[in-house]
Amino acid sequence: MKKLIYLIAVVSSSLIFGQENQNSSKNEYPSDSFSNIYEEVDKEAEFPGGLNAFRSKFAESFNHKNIKVEKRKAVFRIVISFIVERDGSLTNITAEGDYVKFMEEAIASVKRVKDKWSPALINSQPVRQRFRMPITMNFD
C-alpha cells in the first residue's frame, strides 16, 4: 500500500510540475532575446538616413593619416561586423581583413559615428542584430 501511495504521489507531482504555461505562445516575443543575436528579423536595423548615410559618416570619421601605404596604389578590403543593440547602440565591433592598421582605423571610425540606429524588430519588439558591412578603400 505504501508503494502505491508513493507511486501516485510521484506521478501526480510530475504532472503538476511538468505542465506548460497555457498563456505562452510560440509567436510571442522571445523571452531570451536579451542575449540572442538575430540574423533574420522582421525589420532590419537601420541607420538614420539609411546605409549610405552611415557609409558617409564612416568615411568622414576615417583618419587616413593613420594608414601608411607602401605601394603607390593600394586597395584594402575588409568586413566590419557589429551588433546593433536593442537601444540602437553598437557593440562587439570587429573587422576582418589583411591589413591590421586599416582594420584598427575602421573599427575606430565606426566608434566615432555617434548616431544611434533604429534596432531590428521581431513581432514589433526590438532585438539584437548582427550587421556586416564590406568596405573597400583605394589609396593613391
Side-chain angles (χ1 to χ4, degrees):
M1 187 68 172
K2 287 183 183 179
K3 290 182 182 179
L4 180 61
I5 293 173
Y6 179 73
L7 180 62
I8 291 172
V10 170
V11 170
S12 65
S13 66
S14 66
L15 289 174
I16 291 170
F17 294 113
Q19 290 182 358
E20 288 185 29
N21 184 353
Q22 297 295 328
N23 294 331
S24 68
S25 168
K26 301 236 190 276
N27 294 329
E28 284 184 17
Y29 180 59
S31 61
D32 60 350
S33 64
F34 293 101
S35 61
N36 280 355
I37 301 168
Y38 294 90
E39 301 278 337
E40 295 182 25
V41 294
D42 296 339
K43 183 178 184 266
E44 298 283 330
E46 187 175 355
F47 187 77
L51 187 56
N52 286 335
F54 179 74
R55 286 183 180 274
S56 293
K57 288 201 175 215
F58 170 84
E60 289 169 10
S61 68
F62 192 90
N63 185 356
H64 61 83
K65 294 175 185 171
N66 292 339
I67 309 298
K68 294 180 183 172
V69 180
E70 295 175 13
K71 298 179 186 177
R72 216 151 193 237
K73 290 187 177 187
V75 177
F76 296 116
R77 291 180 179 88
I78 63 169
V79 175
I80 295 284
S81 177
F82 50 85
I83 296 170
V84 179
E85 295 291 340
R86 295 172 62 241
D87 67 355
S89 63
L90 303 183
T91 60
N92 296 37
I93 304 167
T94 61
E96 296 174 24
D98 294 331
Y99 188 46
V100 174
K101 290 286 184 190
F102 180 62
M103 292 187 304
E104 289 172 352
E105 182 55 33
I107 290 170
S109 296
V110 169
K111 289 179 180 179
R112 286 185 206 114
V113 177
K114 298 296 182 190
D115 299 345
K116 288 202 173 198
W117 290 57
S118 297
L121 301 175
I122 294 179
N123 295 329
S124 300
Q125 298 294 320
V127 294
R128 302 171 78 208
Q129 182 185 21
R130 182 173 315 284
F131 194 88
R132 290 182 181 88
M133 183 175 73
I135 305 220
T136 302
M137 285 202 167
N138 297 319
F139 289 88
D140 291 328

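Keep in mind that this is a model prediction, so the values were computed, not measured. Side-chain atoms are counted along with the backbone in the values below, which use heavy atoms only and exclude waters and symmetry mates.
Legend: residues meeting side chain to side chain contact (heavy atoms under 4.5 Å, CB included) with S61, ordered by chain and number and at least two apart, are S109, R112, V113. In this view, E60 satisfies the salt bridge (Lys or Arg N to Asp or Glu O under 4.0 Å) rule with no residue, not counting sequence neighbours. Partners of S89 according to the side chain to side chain donor-acceptor pair (under 3.5 Å) rule, which considers only residues two or more places apart in sequence or in another chain, are D87. For E96, there are no side chain to side chain contact (heavy atoms under 4.5 Å, CB included) partners at least two apart in sequence or on another chain. Every side chain to side chain contact (heavy atoms under 4.5 Å, CB included) that I78 has, sequence neighbours left out, goes to I80, A95, F102, M103, A106, I135. In this view, T91 and I83, E85, R128 satisfy the side chain to side chain contact (heavy atoms under 4.5 Å, CB included) rule, not counting sequence neighbours. Residues forming a side chain to side chain donor-acceptor pair (under 3.5 Å) with E44 (at least two apart in sequence, or on another chain): Q129. Judged as a side chain to side chain donor-acceptor pair (under 3.5 Å), and not counting sequence neighbours, T136 has no contacts.
Proximity of D42 to N123: side-chain heavy atoms (C-beta onward) are separated by under 4.5 Å at one or more points. Using a 4.5 Å cut-off on side-chain heavy atoms (C-beta onward), L121 and P126 make contact. Taking 4.5 Å as the limit, every side-chain heavy atom of F82 sits out of range of all side-chain heavy atoms of N92.
Counting all heavy atoms, side chain and backbone alike, N138 lies closest to V75 at OD1-CG2, 3.1 Å.
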Determine, step by step, whether V41 and V127 satisfy the side chain to side chain contact (heavy atoms under 4.5 Å, CB included) criterion, reporting the C-alpha distance in whole Å, the side-chain angles of both residues, the deciding distance to 0.1 Å, and the verdict.
CA-CA 8 Å; V41 294; V127 294; 4.0 Å; yes
Please report, to 0.1 Å, the donor-acceptor pairs under 3.5 Å made by any side chain of residues 48-59, with sequence neighbours excluded.
residue: R55; atom: NH1; partner: P134; partner atom: O; Å: 3.3
residue: R55; atom: NH2; partner: P134; partner atom: O; Å: 3.3
residue: S56; atom: OG; partner: N52; partner atom: O; Å: 3.1
residue: K57; atom: NZ; partner: D115; partner atom: OD2; Å: 2.7

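Note: Y99 OH to M137 CE = 13.5 Å, rounded to the nearest 0.5 Å.
Within 6.0 Å of the CD atom in E40, the count of heavy atoms belonging to other residues, nucleotides or ligands does not exceed 12.
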